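Below, read A as the first sequence line, B as the second, and so on, with proteins coming before strands; counting in each chain starts at 1. The structure displayed is predicted, hence computed values, not measured ones.
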2 protein chains.
Amino acid sequence: MANINEVAKVAGVSVATVSRVLNGQNVVTPKTKIKVEDAIRKLKYEPSMLGRNLRNSESRVLLVLVPTISNPFYFEIIKGIEQNALDHNYNILLCETDSNPERENIYFDLVRKKMADGIISMDPAVNIDTLKELSKNHAIIQCSEYSLEGNIPYVTIDNEDAAYRAVKHLIKLGHEKIALFNSNEKYLYARQRKDGYVKALEEFGIQVNPDYMLYTDQLGFEQGIQATKKVMSLKDRPTAIFSVSDLLAIGALKELNNTGVEVPDEVALIGFDNIDFSNMTHPTLTTIAQPMYQMGTVASTMLINKINGEDVENKFLNHELLIREST
Amino acid sequence: MANINEVAKVAGVSVATVSRVLNGQNVVTPKTKIKVEDAIRKLKYEPSMLGRNLRNSESRVLLVLVPTISNPFYFEIIKGIEQNALDHNYNILLCETDSNPERENIYFDLVRKKMADGIISMDPAVNIDTLKELSKNHAIIQCSEYSLEGNIPYVTIDNEDAAYRAVKHLIKLGHEKIALFNSNEKYLYARQRKDGYVKALEEFGIQVNPDYMLYTDQLGFEQGIQATKKVMSLKDRPTAIFSVSDLLAIGALKELNNTGVEVPDEVALIGFDNIDFSNMTHPTLTTIAQPMYQMGTVASTMLINKINGEDVENKFLNHELLIREST
DNA sequence: GTTAGTTATGTAAAGGATTACATTTTCGTA
DNA sequence: TACGAAAATGTAATCCTTTACATAACTAAC
């Protein structure tokens, strides 16, 4: 593989001139430019990013931290990040932490060792202390999930309001016995969504029933099944379920289908996230849509700005309640 | 940020010695080793991969090319690749081509420009000519989808046999009118799966009915709905459907559910890939399981071997027919 | 035809690590 | 104590670009 020196030699110019042509600085005479371009073509020269990156002290790689790639919620966000990153000549390294600190550390090391220029964290289980520490010397943005500690910029939606509206929708349909499938309250978004749930109930004078509030460690299909089993075995069954994730809701739907409970007639169901599959189930799922693609592009833009030393502000994006067959 | 020179100065040794400590070469006296480690800690030194990579002419990044990250089929494969890569100190760059040549080219450029050491391609729509050309100078492995052109090593399953067994299973259940939802025959795997379908029918003396063979450009949910509408509007409806992807099958299931057709009683259904959701539908989906995780680790191992200049052989892995509620 | 002022090109340092080769230190043995 | 071999450490080149600064070439005006 040819390097810039050989190109310079063949073109009969200096490496500086070759570099100038490469980087499109138009201080180069058309005549010399052509000589250089001919040499490049002749030698099939491809500039090495290794040398370039070292010289520029950058890697042009963005780290994207997700707890798991199996959760479709992240797809659109990732697509948004990726498109925006490519548009700015960055590449993304998708990192699945599995909420495993060891793995997380492997990825954090990449930014410490300059293999990545910044991080977009979407992992609610991220080690916030490490993140805080890292954010002192590196560009970091939180996307969707966030913590207020450490003053790390974030982009997200108003979780409380989203939950509030979902539950209000159920109440308007006549439901009073509304279960909440939530994730662990150590996560900020879980607390916020609960607050919205409680706020809606209280506003309509409905007593909050602790039996109806279930917590699961993960937001998966299986957890949805289990939570549904539990709540449907109560003497006083709920007539509606609000799940803080579509996967949970799809698990619930499966269990309700299996036990012959009619959705939405006997039990109404709302999910959260509007993943693709929420529209493929039978019946289709009412859910809260976050502007995921946009969230991705915004996060990416914020990160790139931060890398360039600019100040960035937190952003709240709009959500939307999609009413479908399950309510 | 400190560099190796400063560490050397603080430790009172040469950069070579620091480098030796860093790389765990145990030619260094315990006494000096401690001095160096102290200096590293004191300066919070982190070796830069930029310098290291340039010097070693490697990036320790593997490119993974997928048509889309939304298809759950790729999850487990990616997880397998990633774990194996991490175990060998590589990182993966997940590249979604959207079957868009321009995007593809951005990613190919990364390996041309030394930002990546090799490629695992899982995109059936990949530009095989470019891939051939690239494979002359770069390590490339095909995973799951492959082409025989260009002699690029691959890991896959026996698609013909898998389809053959699926259709045979339907025949054994008494079905004779079996539809095939296939993807475009420009793809090798589509041709192979059709061959398996035909082989099974012929073996049992069943006439192949062209009306039952549908082709779709993409393997998504929507295409499954459309194909089902088409095939169920025939005078002589099929009693079973074999889809070459779970997503297609889930689309079919949705359409059958919607129109009140009982699965499996009126129409039996088989998918392909055993994605997570195939077990979440109602009824659950009979499907063909590929050893996806293993396919990932094998592909990754093959690629790393190739990068290290070793010869690698094509591999065929075992598949399995998972009989569930839809048949 | 000079000279000053532009514009184009060249030289060499810098970025941060690894490592072949050279040099110094250590240690056992005579 | 001195010598040689073995072990530890150091020096400097190398990987490939970019770019500040130096120099050369050119243009225009007198």
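Ion pairing between A:Lys35 and A:Asp38 fails under the 4.0 Å rule for side-chain N and carboxylate O.
Of the two residues contacting DNA chain D, namely A:Ala16 and A:Asn3, the nearest-nucleotide position lying further toward the 5' end is that of A:Asn3. Both A:Val15 and A:Lys33 lie close to DNA chain C; mapped to their nearest nucleotides by heavy-atom distance, the more 5′-ward contact belongs to A:Lys33. Mapping A:Gly51 and A:Thr17 onto DNA chain D by nearest heavy atom places A:Gly51 closer to the 5' end of the strand.
Distance, B:Leu43 CG to C:dG16 P: 14 Å, rounded to whole Å. Rounded to whole Å, the distance from CD1 on B:Ile40 to C1' on C:dG16 is 14 Å. Distance, B:Asn53 CG to C:dT18 C1': 12 Å, rounded to whole Å. Whole-Å rounding puts the B:Asn5 CG to D:dG10 P distance at 13 Å. Look at CZ on A:Arg112: it is 19 Å from P on C:dG16, rounded to the nearest Å. What separates CE of B:Met49 from P of C:dG16 is a distance of 15 Å, to the nearest Å. Nucleotide D:dG10 holds its C1' atom 16 Å from the NZ atom of B:Lys9, rounded to whole Å. Atom pair A:Leu50:CG and C:dA14:P shows a separation of 22 Å (rounding to whole Å applied).
Remark: side-chain polar atoms of A:Asp117 are paired, donor with acceptor, to backbone N or O of A:Ser59 under 3.5 angstrom. Within the 3.5 Å criterion, the main-chain N or O of A:Gly296 finds no donor-acceptor partner in the side chain of A:Ser300. A donor-acceptor pair under 3.5 Å is absent between the side-chain atoms of B:Asn308 and the main chain of B:Glu310, judged by distance alone.
In the interface, the side chain of B:Arg55 is paired with the base of C:dT18 through a donor and an acceptor atom under 3.5 Å apart. Judged by atom type and distance alone, A:Arg52 does not reach the base of C:dG15 through any side-chain donor-acceptor pair under 3.5 Å.
Contact between the side-chain N/O atoms of B:Asn56 and the OP1/OP2 oxygens of D:dC15 is not found at any separation under 4.0 Å. Neither OP1 nor OP2 of D:dC16 sits under 4.0 Å from any side-chain N or O of B:Ser57.
Between atom CE of residue B:Met49 and atom CZ of residue B:Arg60 there is a gap of 7.5 Å, rounded to the nearest 0.5 Å. Of the inter-residue distances, the one linking A:Ile275 atom CD1 with A:Gln290 atom CD reads 12.0 Å to the nearest 0.5 angstrom. In this structure, CD1 in A:Ile141 is found 11.0 Å from CD1 in A:Ile119, a value given to the nearest 0.5 Å.
The side chain of B:Leu54 lies closest to D:dC15, out of D:dC15, C:dG10, D:dT11. Closest to the B:Ser48 side chain, of the nucleotides D:dT9, C:dG16, C:dT18, is C:dG16. Of all nucleotides listed (D:dT18, C:dA17, D:dT9), D:dT9 comes nearest to the side chain of B:Arg20. Out of C:dA17, D:dT17, C:dA8, the shortest distance to the side chain of A:Thr29 is found at C:dA8.
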Check: protein-nucleotides 4-7 of chain C nitrogen or oxygen pairs below 3.5 Å:
none

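The aromatic rings of B:Phe75 and A:Phe75 sit tilted relative to each other, their planes meeting at an angle between 30° and 60°. Ring geometry for A:Tyr154 versus A:Phe316: interplanar angle over 60°, hence perpendicular rather than tilted (30 to 60°).
Taking the screw axis at each terminus of the helix from C:dG1-D:dC30 to C:dA30-D:dT1 from five consecutive base pairs, the angle between the two is 50° to within rounding of 10 degrees.
The two residues A:Ile4 and A:Val15 come nearest to each other via the heavy atoms CD1-O, 3.8 Å.
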